[in-house]
Amino acid sequence: MSLLKSICRSASLLRHVPRVATAGHQRWMATEATQMSFTFACPAQVFYNEANVRQVDVPSHSGSFGILPQHVPLLAVLKPGIVTVIEDADKSKKFFVSSGSVTINADSSVQVLAEEAVPLDQLDAAAIREGLSKAQQSIGAATNDQERAKVQIEVEVYEALAEASA
């Protein structure tokens with residue numbers, strides 16, 4: 001069979017795929033849970049352990065995004081910023097995270113594992129400004145690429161902290 005006939009035959013088969021996939025997706029959506037099981041922890045503390053929440057907003061290196069029940073499965077790396085947990089219609093909590101990962105599973109469970117995390121209401125704006133100033137001064141004193149990279153990460157985290165506490 002020629003390549004052209006093979007391509008045409010494949011294209012005719014593909015016309016049937018969207019109807020099958022759509023029907024299967026609709027059945028899946030009808031049977032899936034409307035709640036999300038959410039776990040959020042850092043080495044020092046567990047904030048949520050398989051709690052039912054409505055939405056989680058996370059900062060990632062590919063952009064900030066919101067997670068709702070039935071979100072497509074995904075793995076992402078967190079960047080310094082704010083994680084917002086919407087527990088119900090009128091209750092939400094915000095946390096600053098320095099880095100970490102987020103895992104979204106097909107069963108509507110979500111895990112956020114942070115290197116460091118702290119509730120926003122516990123941030124000290126004066127200490128953040130002082131830390132940012134010291135970190136910015138340290139950039140010029142770095143003697144090699146490794147030191148410069150370490151200090152640059154510190155500056156980025158303090159900048160994100162300053163933005164979060166504003």
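Using a 4.5 Å heavy-atom cutoff, the side chains of I82 and F95 are not in contact. No side-chain heavy atom of P73 sits under 4.5 Å from any side-chain heavy atom of I104. The side-chain heavy atoms of Q111 and S109, taken from C-beta on, include a pair separated by under 4.5 Å. Residues V56 and F65 fail the side-chain proximity criterion, which asks for heavy atoms closer than 4.5 Å. Residues V112 and V85 have side chains not in contact (no heavy-atom distance under 4.5 Å, counting atoms from C-beta outward). In this structure, S138 and V151 have side chains that are in contact, with non-hydrogen atoms separated by less than 4.5 Å. Side chains of V102 and V110 form a contact here, defined as non-hydrogen atoms less than 4.5 Å apart. The shortest distance between side-chain heavy atoms of S98 and P80 does not fall below 4.5 Å.
Across every non-hydrogen atom of A117 and A114, the tightest pair is CB-CB, 4.1 Å. In terms of heavy-atom proximity, P69 sits nearest to R54 at CD-O, 3.3 Å. The shortest non-hydrogen separation linking Q55 to G66 is NE2-CA, 4.4 Å.
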(message) side-chain contact (heavy atoms from CB on, under 4.5 Å), that's the test. Do M36 and I67 meet it? Break it down for me.
(response) CA-CA 9 Å; M36 240 178 355; I67 305 165; 3.6 Å; yes
(request) Report the C-alpha separation of V58 and L78 in whole Å, then their side-chain angles, then the decisive distance to 0.1 Å, and conclude whether the side-chain contact (heavy atoms from CB on, under 4.5 Å) test is met. (result) CA-CA 7 Å; V58 296; L78 298 175; 3.9 Å; yes
(message) Is there a side-chain contact (heavy atoms from CB on, under 4.5 Å) between I139 and Q152? Walk through the geometry before answering.
(response) CA-CA 7 Å; I139 289 178; Q152 185 59 42; 3.7 Å; yes
(message) Walk me through whether E115 and S99 qualify under side-chain contact (heavy atoms from CB on, under 4.5 Å).
(response) CA-CA 6 Å; E115 286 291 320; S99 62; 3.0 Å; yes
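Among residues at least two apart or in separate chains, there is no ring pair (Phe, Tyr, Trp, His ring centres under 6.0 Å) pair with a member in residues 101-121. Sorted pairs that involve residues 135-154 and meet ring pair (Phe, Tyr, Trp, His ring centres under 6.0 Å), not counting sequence neighbours, are lacking altogether. Sorted by first and then second residue, the pairs that involve residues 146-166 and meet salt bridge (Lys or Arg N to Asp or Glu O under 4.0 Å), not counting sequence neighbours, are D145-R148. Annotation: salt bridge (Lys or Arg N to Asp or Glu O under 4.0 Å) contacts involving residues 119-136, sequence neighbours excluded, comprise E130-K134.
Residues L120 and L132 are members of one and the same hydrophobic cluster, defined by side-chain heavy-atom contacts under 4.5 angstrom among Ile, Leu, Val, Met, Phe, Trp and Tyr. There is no path of hydrophobic side-chain contacts, each under 4.5 Å, that joins F40 to L123. Note on V77: it does not cluster hydrophobically with F96, by side-chain heavy-atom contacts below 4.5 Å among ILVMFWY residues. Hydrophobic clustering (side-chain heavy atoms under 4.5 Å, transitive across Ile, Leu, Val, Met, Phe, Trp, Tyr) keeps F38 apart from L68.
In this structure, CG on L75 lies 8.0 Å from OG on S101, to the nearest 0.5 angstrom.
Checked against ring pair (Phe, Tyr, Trp, His ring centres under 6.0 Å), Y158 has no partners two or more places apart in sequence or in another chain.
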Enumerate, atom names and distances included, each donor-acceptor pair closer than 3.5 Å involving a side-chain atom of residues 46-53, sequence neighbours excluded.
from : atom 1 : to  : atom 2 : distance (Å)
Y48  : OH     : E87 : OE2    : 2.5

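The main-chain N or O of S108 is never found under 3.5 Å from a side-chain atom of N105 such that the two would form a donor-acceptor pair.
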